[in-house]
Amino acid sequence: MLIVQDLVKRFSGKGRARDKAALDGVSLELTQGDFFGLVGQSGAGKSTLARCVMGIQRPTSGRVLFLGREISSLPAKERPGVWQRMQMVWQDPHVYLNPHWRVGRLVAEPIRNFLNLEKKAVQARVEDMLDRVGLPPSTALAFPHQLSGGQCQRVAIARALAPGPELLICDEPVAALDLPWQHQIMELLKDLREREGLTILLITHDLGLTWHYCNCLAVMKQGRIVSRGEPTSLLRNKKEPYVRELVESTPRLAWRE
Amino acid sequence: MVKFLEVSGLRIGFKSPAGLVWPVDGVDLDLDRGGVLGLVGQSGSGKSLTALAIMGLLPRGAVIGGGRIVLGGQDLLQMNPVRRRRLLGRVMFITFQGSASALNPTMTVGRQLAETLVLTRGLSWAKARTRAQELMEQVNLPPELTESYAFELSGGMRQRVLVALALALEPPLLMADEPTTGLDMVTQRIVLDLLAKQKDRPGAAMIVISHDLRAVGLLADRVAVMHRGRVVDRALFKELPQKAVHPHTLELIKASRMLSLPEAVC
């Protein structure tokens, strides 16, 4: 579904920043139905990779192929056609949901932009989207500030699902949330994958999130992928010192089941 | 035995158009010297307000509606405000969540560390400056960073400067409010390990406040779970899954389990 080949992204800058590549030859492959976890520390290049995949940023070299189409060299006017099939969820919903709009309008916006539907059908789809992310229809009347962080992130996911994408890119979707909400959002993503066959690329610094949810993992450090594979084998691979460092930093609970 | 810190029946209220509301509504906590208490709960559960009340740093408009805060045998709520203020930094210290706003933006971090030492420890400026560099090394930061301003540092570095401040003061009661929020996992672990060293100091007691039960578990021997202004569960951390009764705590335990690596992966 998604192929990233040898992606390099350099930013022009002064001094130390000049020669450092944010992405330094990254390759990945996502198959339909994958729950792919991309793990790394701040500054590893995870978000730059997501932006290159979305086509918001142009890579310095390398290719991104989504459903056989090359994203990296796509003309600007053809991007919306791609975005109908590939959507993104960002870290802090309170920041990017327009505070002056009610939830109904926030969810209707991408439906109007991407799908050619009648007014009534738009309304029905808004309700359907809210239902898919586990929010009651009455949420449509609320403003973002009246909702908790977890509910806001559900609204953001409803917006992302509205155009009917096949790939959902989630960049730190739970980092701004309290732990029980983090769990609920991860369960929601898992349900969407199982019920609807959605493919998910999860970008996170928290290795703990991935174990129970992802079927593939890649660990990124300083613009490179240092290890990849199925979670069990990747995390037990003690040869790669960075993976070991990540595993040792992640809390493990000394509770008996 | 008399506890080092005992909070009983604490209520904190705010005026609202609908009358007084009580975000902290009858909190009981206790802590021995040498103990580490994890105060866990969602945002809005009242955990930070409880800590601020212990420090005597409640925001304007907050009303203490009852209860007692007894530290080392003295009731802090009955204490003369001038004497109470002298406890800050000497007897108790809190590292705040927003490490960017907790540090003075107009001073280099080295000067801020040194100033604290001059004011609370009575060191000379020359000695305080040398000590500031040592403290930076103790939190694994290069000593030349004493010449930097807070905005030049990353979130993890700033949080470590706050821990260095705590090291400088060696307060008998140290509170850390969300010490890991906003940091990546590796940096979180560095900060938590530095805080863990604090608990080896003889006679020191610590309160760690966080929404993240996983992080709290690395430091705390006991946990109190707060929900809507009350403590709904309290237990030794290792016994929490057996002792928990409140649905909120059970949910928190389940979330922690699902978002952690299994014990078997090492």
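So that the names make sense, note that chain A is the first sequence line, chain B the second, and so on, each numbered from 1. FYI, side chains are in, hydrogens and waters are out, and symmetry mates aren't considered; it's all heavy atoms of this structure.
- Within 6.0 Å of NZ on B:Lys238 lie no more than 12 heavy atoms contributed by other residues, nucleotides or ligands.
- Between atom CD of residue A:Gln41 and atom CG of residue B:Asp184 there is a gap of 4.5 Å, rounded to the nearest 0.5 Å.
- Considering CG of A:Leu207 and CG of B:Leu259, their distance stands at 12.0 Å, rounded to 0.5 Å.
- By the 4.5 Å heavy-atom criterion applied to side chains, B:Glu251 and A:Pro180 are counted as neighbours.
- Within the 4.5 Å cutoff, the side chain of A:Leu253 has heavy atoms near those of the B:Ser256 side chain.
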Test side chain to side chain contact (heavy atoms under 4.5 Å, CB included) on B:Met258 and A:Glu187 and set out the steps. CA-CA 10 Å; B:Met258 288 303 283; A:Glu187 288 289 322; 3.8 Å; yes

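- Listed for the A:Asp178 side chain is a donor-acceptor partner under 3.5 Å among the backbone atoms of B:Ser43.
- Residue B:Ile190 does not touch chain A at all, counting heavy-atom pairs closer than 4.5 Å.
- Heavy atoms of B:Leu192 lying under 4.5 Å from chain A are absent altogether.
- Put simply, of B:Val186, B:Thr187, B:Leu213, the one with the most heavy-atom pairs under 4.5 Å next to chain A is B:Val186.
- No side-chain heavy atom of A:Ser249 sits under 4.5 Å from any side-chain heavy atom of B:Gln188.
- Rounding to the nearest 0.5 Å places CG of A:Leu179 at 7.5 Å from OG of B:Ser260.
- Without hydrogens or angle criteria, A:Trp255 side chain to B:Phe237 main chain gives a donor-acceptor distance under 3.5 Å.
- A salt bridge links B:Arg214 and A:Asp206; the closest N-O separation between the charged side-chain nitrogens and carboxylate oxygens is under 4.0 Å.
- A distance of 6.5 Å separates CD of A:Gln182 from CG of B:Asp212, quoted to the nearest 0.5 Å.
- Atom CZ of A:Arg224 has 12 or fewer heavy atoms from other residues, nucleotides or ligands within 6.0 Å.
- Looking at heavy atoms from C-beta onward, A:Trp211 lies in side-chain contact with B:Pro262 at the 4.5 angstrom threshold.
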Stepwise, does the side chain to side chain contact (heavy atoms under 4.5 Å, CB included) test hold for B:Met185 with A:Glu245? CA-CA 10 Å; B:Met185 250 336 160; A:Glu245 189 185 340; over 6 Å; no

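- Summarising the local packing, CZ of B:Arg228 is surrounded by 12 or fewer heavy atoms from other residues, nucleotides or ligands at distances under 6.0 Å.
- Only the backbone of A:Glu248 comes within contact range of chain B, judged by heavy atoms closer than 4.5 Å.
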